[in-house]
Amino acid sequence: MKNRIFSYLLKCFSFSVLSQVADSAQGKYAQMLFQDLLQDYSNALRPVEDTDKALNVTLQITLSQIKDMDERNQMLTAYLWIRQTWYDAHLKWDKDEYDGLDSIWIPSNLVWRPDIVLYNKADDEFSGPVDTNVVLRYDGQITWDSPAITKSSCVVDVSYFPFDDQQCNLTFGSWTYNGNQIDIDMGMDSGDLSDFVENVEWEVHGMPAAKNVITYGCCSDPYPDITYTLLLKRRSSFYIFNLLIPCVMISFLAPLGFFLPADSGEKVSLGVTVLLALTVFQLMVAESMPPSESVPLIGKYYLATMTMITASTALTIFIMNIHHCGAEAKPVPDWAKVFILDYMSKIFFVYEVGENCTTSQKEKEKEVKLQMEETVNGKCKKRQDAKVQAEASKCNNRYNMSDVEENPNGCLKEELCPEKDKIAKNIAYIANCFREQKATCAKGAEWKKVAKVTDRFFMWVFFIMVFLMSISITR
């Protein structure tokens, strides 16, 4: 047992010693290779054997994170991993001469690098890829992986905010070399999103790539570039719960102003308060949007709602004037009595005390007239009886009772009581006063009912408008 343990430890020790020797050998050959390769090497010239041929550079972009999307300044800040691969004709070796060493890692500033930059850069300061190491293979292939934080210009269309989609382009190309000197190829058909860190505001739906060859006006040579189009969709939950739902709830308060009693004195105040609340939300949206001619969808919704509330406030003032029509107002027109007081009042369930849905407008008018006549006749009859008795007593004192005859109604004959005409005129005057007073009250009540029915009508109209606008903005 001890012999087995001893042999196992001996093998482990031998393996570690051999590994250290191999590593030291690899390090020795790597140092020799590094000195041999860079002894007469210059990183200032394009590494090709034939200067008439173009050098192929393969570009591959990996999107790691979207750091910020500034809609107001139309700028996209992204964290990218950039991989560039090309072949250097002056950095080749026979790996058998260096103990099978097939690759080494050296600083990137020691070799020639293509000057591929982001064309639509929007940063004030120049910030290129980090000077990381490059991987150099025995066949001359150089792979340069470097991270970069880019700020690129992005045309933001906020017409459908907060349910908008954006497309931001990242265009890479050589700044000084034309297509006859450097030809850029795509490593993949699209950007790599396998290591993407999810953003709280934006969803990434793809990053397709396309190669373009453009001839600019300054030069006749072609300039190739690769454009990555970042497809973004905004996560609208934040804006729905913080901007849209409060606005919808406030908008539904506006039609309720028509339901308030006209004598409460708060109908106009409610409309003005709702209008001021929507103005605050409108300012919040305007601060985050770029100043452009395209008005965002939520801005249009706010504008339509504010217009609707302004109209409802104006209609409320008009209806209050109808409600407070007094004795000097004209009677309610016949068409209004038939259409508003008879039909619309039943549709919107507006009834006075003692009314029901089966009572017609003509029956109501007849009942009012009968009540008025009964009241006036009763009061006039009492006053007439009192005055007749007083005049009868005067006549009894003035004439002999043998010459006085009473009619069946208890009144003195005309020839015996000459003051009867005066009494009749007084009674007629009193009756007319009662009739005028009752007519004035009935006319005011009719105008109040017209205002109430109109309130109910506009309340349902504006409720439907608010509902339709709320549905349309979410579709």
Side-chain angles (χ1 to χ4, degrees), residues 69-72 74 156-166 201-202 233-323 344 347-350 450-475:
M69 168 66 88
D70 189 354
E71 293 95 345
R72 191 169 187 83
Q74 299 192 0
V156 180
D157 184 11
V158 294
S159 300
Y160 296 97
F161 175 85
F163 308 101
D164 55 331
D165 299 330
Q166 304 297 335
E201 186 178 359
W202 297 95
K233 181 177 178 59
R234 191 188 302 271
R235 301 180 189 268
S236 57
S237 301
F238 173 82
Y239 300 97
I240 290 176
F241 286 102
N242 291 277
L243 291 180
L244 195 56
I245 291 181
C247 176
V248 173
M249 296 173 65
I250 292 174
S251 301
F252 273 100
L253 290 177
L256 291 178
F258 293 105
F259 193 75
L260 281 175
D263 297 328
S264 64
E266 298 295 333
K267 294 172 71 70
V268 178
S269 300
L270 177 62
V272 174
T273 304
V274 172
L275 188 62
L276 292 176
L278 287 178
T279 304
V280 173
F281 281 102
Q282 176 71 18
L283 292 176
M284 292 175 59
V285 175
E287 287 179 357
S288 60
M289 294 295 100
S292 61
E293 294 183 357
S294 59
V295 181
L297 182 62
I298 191 172
K300 294 178 181 178
Y301 175 74
Y302 283 160
L303 183 61
T305 306
M306 293 170 67
T307 304
M308 183 193 68
I309 294 174
T310 303
S312 67
T313 306
L315 287 173
T316 299
I317 296 173
F318 174 73
I319 294 172
M320 288 182 66
N321 286 330
I322 296 178
H323 175 82
M344 290 184 63
I347 295 174
F348 297 106
F349 303 100
V350 179
V450 169
K452 193 173 182 180
V453 174
T454 309
D455 265 336
R456 295 295 186 274
F457 170 73
F458 283 113
M459 182 187 72
W460 288 110
V461 168
F462 279 89
F463 263 130
I464 294 173
M465 291 176 61
V466 172
F467 178 76
L468 293 178
M469 287 191 300
S470 303
I471 293 298
S472 63
I473 194 174
T474 56
R475 295 187 61 182

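Being a predicted model, the structure only gives us computed values, none of them experimental. One is the number of the first residue; the rest follow in order along the sequence.
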For [X] against [Y], the heavy-atom pair lying closest together:
| X | Y | result |
| --- | --- | --- |
| Thr313 | Gly271 | OG1-CA, 3.7 Å |
| Gln166 | Val156 | OE1-CA, 3.4 Å |
| Phe258 | Arg456 | O-NH1, 3.9 Å |
| Ser236 | Pro162 | CB-O, 3.3 Å |

Working to the nearest 0.5 angstrom, can you tell me the gap between [X] [atom1] and [Y] [atom2]?
| X | Y | atom1 | atom2 | result |
| --- | --- | --- | --- | --- |
| Thr305 | Lys300 | OG1 | NZ | 13.5 Å |
| Phe259 | Asp455 | CZ | CG | 10.0 Å |
| Glu201 | Lys233 | CD | NZ | 13.0 Å |
| Leu276 | Met306 | CG | CE | 9.0 Å |
| Leu297 | Tyr301 | CG | OH | 10.5 Å |
| Phe463 | Phe458 | CZ | CZ | 15.0 Å |

With a 4.5 Å limit on heavy-atom distance, are the side chains of [X] and [Y] in contact?
| X | Y | result |
| --- | --- | --- |
| Leu275 | Thr310 | yes |
| Arg234 | Trp202 | yes |
| Leu315 | Phe462 | yes |
| Phe252 | Leu256 | no |

Sequence neighbours left out, cut at 3.5 Å: what donor-acceptor pairs do the side chains of residues 240-251 make with other protein atoms?
residue	atom	partner	partner atom	Å
Asn242	ND2	Phe238	O	2.7
Ser251	OG	Cys247	O	2.7

According to side chain to side chain donor-acceptor pair (under 3.5 Å), does anything in residues 268-284 pair up with another residue at least two apart or in another chain? List the pairs.
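Pairs touching residues 268-284 that pass the test: none.
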
Quick test of your reading: applying side chain to side chain donor-acceptor pair (under 3.5 Å), list the pairs with at least one residue in residues 458-468, sequence neighbours left out, ordered by first then second residue.
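Not a single pair qualifies under side chain to side chain donor-acceptor pair (under 3.5 Å).
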
Val268 vs Ile317, test: side chain to side chain contact (heavy atoms under 4.5 Å, CB included). Steps then yes/no.
CA-CA 7 Å; Val268 178; Ile317 296 173; 3.9 Å; yes

With a 6.0 Å cut-off (strictly less than), is the heavy-atom count around OH of Tyr239, excluding the residue itself, greater than 12?
yes

With under 30° as parallel and over 60° as perpendicular, where do the rings of Tyr302 and Phe281 fit, or are they tilted in between?
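Tyr302 vs Phe281 ring planes: tilted.
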
